[in-house]
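All chains are named by letter (A, B, ...) in the order of the sequence lines, taking the proteins before the strands, and each is independently numbered beginning at 1. Basis for what follows: all heavy atoms, side chains included, without hydrogens, waters or symmetry-related copies.
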Amino acid sequence: MTQLTVEKEQLVRPALTVSGISKTYGTGAEARQILGDITFEAYDNETVSIVGPSGAGKTTLLRCLAGLLEPTSGTVHLRDQLVTSPPEQLAVVFQDYSRSLMPWLTVQANVELPLRGKAGLTKTERHERARESLESVGLGSSGKLYPWQLSGGMQQRVAIARALAYQPTVLLMDEPFASVDAQTRSDLEDLTHRIKARYNMTILLVTHDIEESVYLGDRVIVMSGTPTTVTEIVPVDIPYPRDQITTKSTREFAELRAHVLSQIRTTTG
Amino acid sequence: MTAAAGRERSGGAARRAPHRRTRGRMSSIITVIAALAAWEVSSRLGILPNSVFPSMSQTATRLGELLIDPLFWAAFVETVVSWIVGVLIAAAIGIPVGMVLGRVAFAYRSTRLLVDFLRTIPSIAVIPLITLLFGATMQMKIILIVYGAVWPLVLQMIYGVRDTDKVLVDTVHSYKVSKWRAAASVLFPSALPYLVTGMRISIVVGLLLAISAEMLGSAPGIGLELALAQTGGDLSLTYAYIVFIGLVAVLVDILLRRLSRVVLFWHASVREEKP
Amino acid sequence: MSTEAIVTATRARAGKTPKRRALTIITEIWLPILLFAIWWFASADSTSIYFPSLQSILEALGEMLTQRFASDIVPSLQNLGMGLLIAIVSGIAIGALLGLSPGLYRAFQPLLEFMRAIPGVALLPVMLVIFGIGSSMKIAVIAFGAFWPIMMNTVDGVLSVDGMTREVSKSYRLSRFDHVLRVVLPAASPQIISGMRLSVSLSVILIVASEYIASTEGIGYIELMSARMYQMDTMWASLLLLGVLGYVANVLFRYVEHVVLRWHRGVRGNTQGGQG
């Protein structure tokens, strides 16, 4: 589904609106601007990849979107609601699964943990929801294990399941597959496709991998170096279902990949 | 400041550290003054019953008197001498024993239960026995301190030697260095952080035991003076002694932290702690 | 490491041959048995007042365990348990509070370091004045002495909780209650437990000390009284009993630690074996 069709159906505000946010650390001579005036939207059921050279303020941007960090200027809206603290309709999958999962909780308990705060959810419902989302990431039988008993890829699946069980309208993923091996990585990329098909969510994926950004995104936002700004927003009109082999071998895919790469090259000089 | 600096490792806090630290120091000075003032005011107002808590000023006056009293210093010397001698003997026994136990697997396994049992006996429980055998003397105190302070050293040396980098040991062996040279050049330095920890524990335990032996076994020293002050019903003097002992303990703690940083300047844990 | 790999690794560790296991046990117990035998035979015909025969010591121990169990051993254990319990609960609660508000902690730090540094034994005279002779005084001494290591370690543990862990908690909007109880305290538990280990040893020392100085009951009281009356077999028996008590407290504690910190060992074992 492309951006245009979404816009036609959806006359209310986009799922996520980022207007002119910037972030500066420190003051006076020590001031360091990380983000400079970033504006974009993400629509319902759309996957937006945010790609840029490493060291760019991608993670800073994501933390601003998640309400974990206050931007120096500009605003972030989730639908109509101004984001000032972590919103309820938003879940984050962090890069470092070994630190983002609680090693003292079982896999099941890890997924259930954020659900404890959700109002009107009974213990059985919580349990059921967690089990369901674990199943949807292919870990239905691992609930009783501890995260450290699983491989890296499986741990990241748990982190994804935790986000899914939270049932957000916007899912932020911060370099989610950067710490796993290549095979696991493509498995997890395809899992992301399946999730997108199954749940109605807007996914924001921060990555430094150009191929991944094109393969997973409906649009790719190319970021520049420091201070980070939006260089270009590239629409990816590759139809679904996408496949690791056939999609990636199309001319379209290759052209988009080359285009994104050239955009990043120009910004880093 | 060592510990506090080491603790401030997380993210954004480090950026503002210098500013925060001065503010932290200011606020802690204010807190100490406020606590002392609260003590004084509440005992004047009778919130703290005078039968149980003397006022801050009374205690401070008695402490001041103590500090110019030669008899007090004589008692303190008694305590310090047994403390130092005890810890030194404990080190002379504990370090080599720990190194051997750490190095020789058979010796370690054979003595494991014994060491475990002996070190968990609450050390002051031997006071009645050694008081009978040696009387209320310096000798008795030293024996108690040696007994209590030797275990941390033995254990830390075992951990330290066992933790020595296997590669390092192999390197030394491949150069056919004699066993003694190997012990001196590799085992000892790499076990040094553990030794420093062991010494720190032993020194703290040593003070506790010196005072315990004096209080409970009536050997001369400030512990005995403290017990006498209480039995004599002189409450402010009792508090003055406790405050003094607390100050000594804090001072020793700060000194030991500083010292261990100097000794272990090359060690990673210390390097990390530097702001 | 995969799940299967871990299972195999555990199996390999546990799967020692019975022969080797027997050998391990023999290496561990030959020396204690030998020393026990030497003590037994060397002291058999002892005429020294200070060193009675091991046989008579063990007889005295048996007598103590049967006749003075309710009157002396139980009170000692009760006071110990009560004091420790107070120290653990208040130490963790106050430690968590201070750890979660670093400004407050920094303000109180010098005061706390001073209080912590006072050897618990030195407070006996004051506690005696405040609480008089009795259980409450002993409990107070133990609670005060055992409080500091737990409290300070809790603060340390809470302050060193990983920033990422905090962010997860924040971004998923955990309630304050869940954040403290299910995230912060478990994350700090390795440090809390090591503080508790120190506190357990300390509290055994403090119960003995308080029973020496002002008491009419307890194992420490029996020991001191029998020493004063030159009933050396009873004195040795109570010394032995205190040793066993200290040892058992330690073993129990190690078991608790083993269970509570299973995840911690799991994580460490995993990172040492390399991630993947």
| Can you say whether B:Leu247 sits under 4.5 Å from chain C via the side chain, the backbone, both, or neither, judging by heavy atoms? | both

| Side chain, backbone, both or neither: which part of B:Phe53 has a non-hydrogen atom closer than 4.5 Å to chain C? | side chain

| message | Quick check for you: among C:Trp30, C:Tyr230, C:Phe114, which has the greatest number of heavy-atom pairs under 4.5 Å with chain B? | response | C:Phe114

| field | chain C contact via B:Val126 - which portion, at a heavy-atom distance below 4.5 Å | value | both

| query | What part of B:Ala125 gets closer than 4.5 Å to chain C, counting heavy atoms only: side chain, backbone, both or neither? | reply | both

| C:Phe51 versus chain B, heavy atoms under 4.5 Å apart: side chain, backbone, both or neither? | side chain

| Does C:Ser101 reach the main-chain N or O of C:Gly103 with its side chain, forming a donor-acceptor pair under 3.5 Å? | no

| field | chain B interface, residue from C:Leu35, C:Val126, C:Leu111, C:Leu224 that has the most non-hydrogen pairs under 4.5 Å | value | C:Val126

| said: Do the side chains of C:Arg116 and C:Glu113 get close enough for a salt bridge, i.e. N-O under 4.0 angstrom? | reply: yes

| note | Of the listed B:Leu113, B:Leu129, B:Leu208, the one with the largest count of heavy-atom pairs under 4.5 Å with chain C is B:Leu129

| Does atom CZ of B:Phe72 have more than 12 heavy-atom neighbours from other groups under 6.0 Å away? | yes

| said: Distance to the ring centre below 6.0 angstrom and angle to the axis at most 45 degrees; does that hold for B:Arg162 and B:Tyr194? | reply: no

| said: Quick check on C:Ser201 against chain B: is it the side chain, the backbone, both or neither that has a heavy atom closer than 4.5 Å? | reply: neither

| request: Please confirm whether the backbone N or O of B:Ile127 pairs with a side-chain atom of B:Thr131, one donor and one acceptor, at under 3.5 Å? | output: yes

| Contact winner vs chain C - B:Thr31, B:Ile121, B:Val248, B:Leu118, heavy-atom pairs under 4.5 Å | B:Thr31

| Judged by atom type as modelled, is there a donor-acceptor pair below 3.5 Å linking the side chain of C:Glu217 to the main-chain atoms of C:Asp72? | no

| Segment of B:Val243 engaging chain C (4.5 angstrom heavy-atom cut-off) | both

| request: Starting at CG of C:Leu206, measure out to CG of C:Leu80 and round the result to the nearest 0.5 Å. | output: 9.5 Å

| field | Engaged part of B:Ser51 at the chain C interface, taking heavy atoms whose separation is under 4.5 Å | value | backbone

| said: Please classify the contact of B:Thr238 with chain C as side chain, backbone, both or neither, using a heavy-atom distance under 4.5 Å. | reply: side chain

| So what's closer than 4.5 Å to chain C heavy atoms on B:Tyr108: side chain, backbone, both or neither? | neither

| B:Arg62 CZ: over 12 foreign heavy atoms closer than 6.0 Å | yes

| query | Do any N or O atoms from the side chain of C:Ser169 and from the backbone of C:Thr165 form a donor-acceptor pair under 3.5 angstrom? | reply | no

| query | Taking only heavy atoms into account, what residues of residues 216-224 of chain B are found under 4.5 Å from chain C? | reply | B:Leu216

| field | chain C contacts, top residue of B:Pro128, B:Ala227, B:Pro49 (heavy-atom pairs, under 4.5 Å) | value | B:Pro128

| request: Measure distances from C:Leu128 to the heavy atoms of chain B and classify the residue's part below 4.5 Å as side chain, backbone, both or neither. | output: side chain

| Contact origin within C:Arg228 toward chain B - heavy atom pairs under 4.5 Å | neither

| Heavy-atom contact with chain B under 4.5 Å, split by part of C:Met232 | side chain

| request: State, yes or no, whether a side-chain contact exists between B:Val115 and B:Trp151 at a heavy-atom distance under 4.5 Å. | output: yes

| field | Exam field: side chain C:Asp233 to backbone C:Ile57, donor-acceptor pair closer than 3.5 Å | value | no

| message | Salt bridge check, B:Arg109 against C:Glu28: does any charged N sit closer than 4.0 Å to a carboxylate O? | response | no

| remark: Interatomic distance, CD@C:Glu257 vs CE@C:Met196, rounded to 0.5 Å, equals 9.5 Å

| Contacting region of C:Val248 [heavy-atom separation from chain B under 4.5 Å] | neither

| Of the listed residues (B:Asp116, B:Asp253, B:Ile211, B:Ile245), which shares the most heavy-atom pairs with chain C below a 4.5 Å separation? | B:Asp116

| Heavy-atom side-chain contact between B:Ile130 and B:Tyr147 under 4.5 Å | no

| query | How about C:Tyr255: does its OH atom have over 12 heavy atoms from other parts shown lying under 6.0 Å from it? | reply | no

